[in-house]
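These notes concern the structure reproduced below.
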Amino acid sequence: MTTAEAPAWFNVIEVSSGVWRINNRGHVNIYLIAGTDRALLIDTGWGIGDLRGVVETLTALPLTVVNTHGHVDHVFGNWQFPDALLDPADIPMAQENYTVERHRMALQRLGSPYPRGFSPDDWVATLAPPFQPLPTDYAFALGGRTVRSIPVPGHTPGAVCLLDDVSRTLFAGDSVLQGPVLLHLPGALPLADYAASLDRLSAFLPHFDTVYPGHGPVPQPASRVNDLRQGVRAILNGEVVGDSTQTPLGDGYLATFPSTSILYRPDHLR
């Protein structure tokens, strides 16, 4: 562990040369990628605990922060950094999520004991930090390695994956998971839009061997992209109908595929 808080709030593992997974309280995977000139932090988790301090124990390189999408469990730690890049389609949602109500919801979900010196009352009043627009198909030149953003709208309108050319890894956020991928949430795009994103993503399959998702164990197989792609197409073609399912985040239909699953709304296919 890298800091006094790490055992409770962060579990840090170097998953390949220059790439660390920073698991936040067992809920969210944050990733740090270091080149020779710069480092890239992918997502910032819930924002409780000294994430910035953890990162600084791993690298002293100049740091860029990018969010895979605008949901609270991926952007609430942004307040610890000067700014972060996010697809413009998700910026309004991310800014609107910085509310007292959402912060209290996070506290209730994560539970105590909190890190030493943490004030829940101060934290719930945290204001939204600056979000800078992530250019489409942007390439982060880190020195000796390049990480490319790939738009994958579906889970959210501005969801992206990030592809590291050195480790041949796709950092997928919540767009490719062991399951379920949540397409039933308010703000998610129609299933047909997600299908188009998976078609686009499949063109990059020759360039990555593993998927590192925003939740769940790592690594995961690149074949999961095609499992999702084929399964979603089967739903759109009427060949598969999921099972009606109730969740704390809303009701949907759960469809299970060979290595993954999705939750979707049958009235939001196209």
Side-chain angles (χ1 to χ4, degrees), residues 12-23 28-45 51 54-56 58-69 74 81 83-90 132-156 158-178 181 194 196-229 259-260:
V12 182
I13 300 174
E14 187 170 16
V15 292
S16 62
S17 179
V19 179
W20 294 267
R21 183 189 74 161
I22 307 170
N23 183 262
V28 187
N29 293 323
I30 300 163
Y31 298 100
L32 178 67
I33 307 174
T36 57
D37 301 327
R38 298 192 62 85
L40 182 69
L41 185 67
I42 301 175
D43 288 332
T44 60
L51 174 62
V54 171
V55 170
E56 288 174 351
L58 300 173
T59 180
L61 291 169
L63 183 70
T64 299
V65 179
V66 62
N67 298 124
T68 59
H69 61 293
H74 296 262
F81 304 92
D83 54 33
L85 291 160
L86 178 65
D87 187 283
D90 271 15
Q132 303 299 330
L134 174 67
T136 302
D137 296 319
Y138 188 73
F140 296 91
L142 304 182
R145 70 196 315 158
T146 299
V147 180
R148 175 177 176 173
S149 67
I150 304 169
V152 286
H155 178 64
T156 66
V160 301
C161 294
L162 294 132
L163 177 58
D164 175 30
D165 66 342
V166 170
S167 65
R168 291 181 55 85
T169 297
L170 184 77
F171 299 90
D174 289 1
S175 296
V176 181
L177 297 171
Q178 187 171 2
V181 178
Y194 179 57
S197 293
L198 291 172
D199 289 344
R200 182 185 308 110
L201 189 57
S202 70
F204 292 91
L205 279 168
H207 302 285
F208 62 93
D209 305 313
T210 54
V211 174
Y212 280 47
H215 304 275
V218 299
Q220 298 185 13
S223 59
R224 189 151 289 151
V225 172
N226 274 335
D227 282 349
L228 280 167
R229 186 184 181 204
S259 69
T260 182

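None of these values were measured; they are calculated from a predicted model.
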Below 4.5 Å, heavy atoms only, C-beta onward: do [X] and [Y] meet side chain to side chain?
X      : Y      : answer
Leu32  : Leu63  : yes
Phe171 : Asp43  : no
Arg200 : Pro153 : yes
Pro213 : Val218 : yes
Ile33  : Thr169 : no
Asp87  : Thr156 : no

**OP:** Go through the steps to decide whether Thr68 and Asp174 satisfy the test side chain to side chain contact (heavy atoms under 4.5 Å, CB included), and finish with yes or no.
**Re:** CA-CA 8 Å; Thr68 59; Asp174 289 1; 5.8 Å; no

What's the separation between atom [atom1] in [X] and atom [atom2] in [Y], rounded to the nearest 0.5 Å?
X      : Y      : atom1 : atom2 : result
Arg224 : Leu170 : CZ    : CG    : 12.0 Å
Ile150 : Leu163 : CD1   : CG    : 5.0 Å
Asp164 : Ser16  : CG    : OG    : 7.0 Å
Tyr31  : Asn23  : OH    : CG    : 8.5 Å
Ile42  : Thr64  : CD1   : OG1   : 11.0 Å
Leu86  : His69  : CG    : NE2   : 9.5 Å

Can you name the nearest heavy-atom pair linking [X] to [Y], along with the distance?
X      : Y      : value
Ala172 : Val211 : CB-CG1, 3.7 Å
Thr44  : Val65  : CG2-CG1, 3.7 Å
Ala84  : Asn67  : CB-OD1, 3.7 Å
Ala203 : Pro206 : O-CD, 3.5 Å
Ser197 : Val152 : OG-C, 3.3 Å
Tyr194 : Ser175 : OH-O, 2.6 Å

Could you pull out every donor-acceptor pair under 3.5 Å between side chains of residues 132-143 and any protein atom, sequence neighbours left out?
none

Has the side chain of [X] got a donor or acceptor atom that lies under 3.5 Å from a matching backbone atom of [Y]?
X      : Y      : answer
Thr260 : Leu177 : yes
Glu14  : Gly18  : yes
Gln220 : Gln178 : yes

**OP:** Walk me through it: do Val147 and Val66 pass the test side chain to side chain contact (heavy atoms under 4.5 Å, CB included)?
**Re:** CA-CA 11 Å; Val147 180; Val66 62; over 6 Å; no

**OP:** Let me see the working for Arg145 and Asp165 under salt bridge (Lys or Arg N to Asp or Glu O under 4.0 Å), right down to the final yes or no.
**Re:** CA-CA 6 Å; Arg145 70 196 315 158; Asp165 66 342; 5.3 Å; no

Original post:
His215 vs His74 aromatic rings, parallel, tilted or perpendicular, using cut-offs 30° and 60°?
Top reply: perpendicular

